[in-house]
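To start, the structure under review is shown below, and the notes come after it.
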Amino acid sequence: MGEITYVRGDATVPSVKGVKVIAHVCNDLGGWGKGFVLAVSRRWPEPEKAYRSWHRDRAANDFGLGAVQLVQVERDVWVANMVGQHGIRTGSKGVPVRYEAIDTALSHLADRAAELDASVHMPRIGCGLAGGKWSRVEPLITERLVRRGIAVTVYDHGD
């Protein structure tokens, strides 16, 4: 069994061969405009457009905590919009991250990544604006993706 590979760099530019899925966590309010999604939107307009449409039509689709939307942005690159955050602000109900939703989303992602024979690339999902702890997210990634033989690279931005 492999393990998560950690690198410094930009998760929107994975430098491996083959099919790649760039995974990130979205909120359940339809908001897109802070954090990692800004880097995604600078490279490709499709994930934001698809996410906003998915949210807008949520009465007729599977949008909600734990859901995953895969958007193809290049011949061998997909972006996975994973709904793993309830709301956008830390407040009386705690932080927005929902570990159960991330776990469910990663499980769906694993199925799709296996179908595509893809590696998965991500920042430390759920740990920025969502307020989560990596010590809680990392085991979910290991359990849902790595144990299924899916190569995972986590990117830490900066020098």
Side-chain angles (χ1 to χ4, degrees), residues 1-52 54-55 65-85 88 95-99 101-159:
M1 185 178 89
E3 56 188 36
I4 299 170
T5 302
Y6 290 88
V7 298
R8 285 229 170 271
D10 182 348
T12 66
V13 265
S15 60
V16 297
K17 292 192 183 330
V19 180
K20 298 164 272 297
V21 176
I22 297 166
H24 69 103
V25 166
C26 306
N27 63 65
D28 62 356
L29 294 180
W32 180 291
K34 286 191 168 157
F36 182 71
V37 298
L38 295 176
V40 171
S41 289
R42 275 195 295 275
R43 287 187 60 87
W44 310 285
E46 298 92 349
E48 176 179 359
K49 207 158 133 192
Y51 169 78
R52 290 189 185 282
W54 188 32
H55 177 263
L65 286 169
V68 179
Q69 178 190 51
L70 250 71
V71 182
Q72 190 167 12
V73 292
E74 291 176 21
R75 188 177 57 77
D76 59 353
V77 180
W78 298 74
V79 172
N81 294 331
M82 303 189 303
V83 185
Q85 185 182 328
I88 54 172
V95 294
V97 69
R98 293 295 179 267
Y99 298 108
I102 290 175
D103 189 41
T104 301
L106 287 169
S107 193
H108 294 307
L109 175 62
D111 293 339
R112 293 300 309 277
E115 286 168 21
L116 294 165
D117 194 23
S119 55
V120 174
H121 305 264
M122 63 180 73
R124 291 186 185 237
I125 59 168
C127 297
L129 297 169
K133 294 191 180 340
W134 188 245
S135 60
R136 299 259 325 258
V137 176
E138 184 184 45
L140 303 177
I141 295 166
T142 299
E143 181 64 32
R144 299 292 173 210
L145 298 171
V146 177
R147 286 224 171 117
R148 285 193 55 186
I150 297 164
V152 177
T153 304
V154 172
Y155 295 74
D156 287 316
H157 210 68
D159 312 329

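Just so it is clear, the model here is predicted, and its values are computed rather than measured. Below, each value reflects all heavy atoms present in this structure, side chains not excepted, and no hydrogens, waters or symmetry copies. For the single chain, residues carry numbers from 1 onward in sequence order.
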Whether over 12 other heavy atoms sit under 6.0 Å from R136 CZ: no

Gap separating the [atom1] atom of [X] from the [atom2] atom of [Y], nearest 0.5 angstrom:
X    : Y    : atom1 : atom2 : result
L129 : I88  : CG    : CD1   : 9.0 Å
Q72  : L116 : CD    : CG    : 8.5 Å
R112 : H108 : CZ    : NE2   : 11.5 Å
Q85  : I125 : CD    : CD1   : 11.5 Å
M122 : L106 : CE    : CG    : 6.0 Å
E138 : Y6   : CD    : OH    : 3.0 Å

Carboxylate-amine/guanidinium contact R148 E143, below 4.0 Å: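 A salt bridge is absent here (no side-chain N lies under 4.0 Å from a carboxylate O).
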
Full working for side-chain contact (heavy atoms from CB on, under 4.5 Å) between R124 and Y155: CA-CA 7 Å; R124 291 186 185 237; Y155 295 74; over 6 Å; no

L109 side chain reached by D111 side chain, heavy atoms, under 4.5 Å: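 No - every pair of side-chain heavy atoms lies 4.5 Å or more apart.
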
[X] side-chain N/O to [Y] backbone N/O, donor-acceptor pair under 3.5 Å:
X    : Y    : result
Q69  : A50  : yes
Y99  : K133 : yes
R52  : W32  : yes
S107 : D103 : no
R43  : T12  : yes

Test log, rule side-chain contact (heavy atoms from CB on, under 4.5 Å), inputs I4 and T153: CA-CA 6 Å; I4 299 170; T153 304; over 6 Å; no

Kindly give the heavy-atom pair with the smallest separation between [X] and [Y], and that separation in Å.
X    : Y    : value
V97  : G131 : CG1-C, 4.3 Å
H121 : P14  : ND1-CB, 3.5 Å
P96  : A130 : CD-O, 3.1 Å
S41  : E48  : OG-OE1, 3.1 Å
G84  : A101 : CA-CB, 3.9 Å
V120 : A113 : CG2-CB, 4.0 Å

Show every donor-acceptor pair shorter than 3.5 Å between a side-chain atom in residues 15-27 and any protein atom, with sequence neighbours excluded, or say none if there are none.
{"unit_1": "K20", "atom_1": "NZ", "unit_2": "V16", "atom_2": "O", "d": "3.0"}
{"unit_1": "K20", "atom_1": "NZ", "unit_2": "G18", "atom_2": "O", "d": "2.6"}
{"unit_1": "H24", "atom_1": "NE2", "unit_2": "N81", "atom_2": "OD1", "d": "2.6"}
{"unit_1": "N27", "atom_1": "OD1", "unit_2": "L29", "atom_2": "N", "d": "2.8"}
{"unit_1": "N27", "atom_1": "OD1", "unit_2": "G30", "atom_2": "N", "d": "3.1"}
{"unit_1": "N27", "atom_1": "OD1", "unit_2": "G31", "atom_2": "N", "d": "3.1"}
{"unit_1": "N27", "atom_1": "OD1", "unit_2": "Y51", "atom_2": "OH", "d": "3.1"}
{"unit_1": "N27", "atom_1": "ND2", "unit_2": "G31", "atom_2": "O", "d": "2.8"}

Test side-chain contact (heavy atoms from CB on, under 4.5 Å) applied to E3 and T142, step by step: CA-CA 7 Å; E3 56 188 36; T142 299; over 6 Å; no

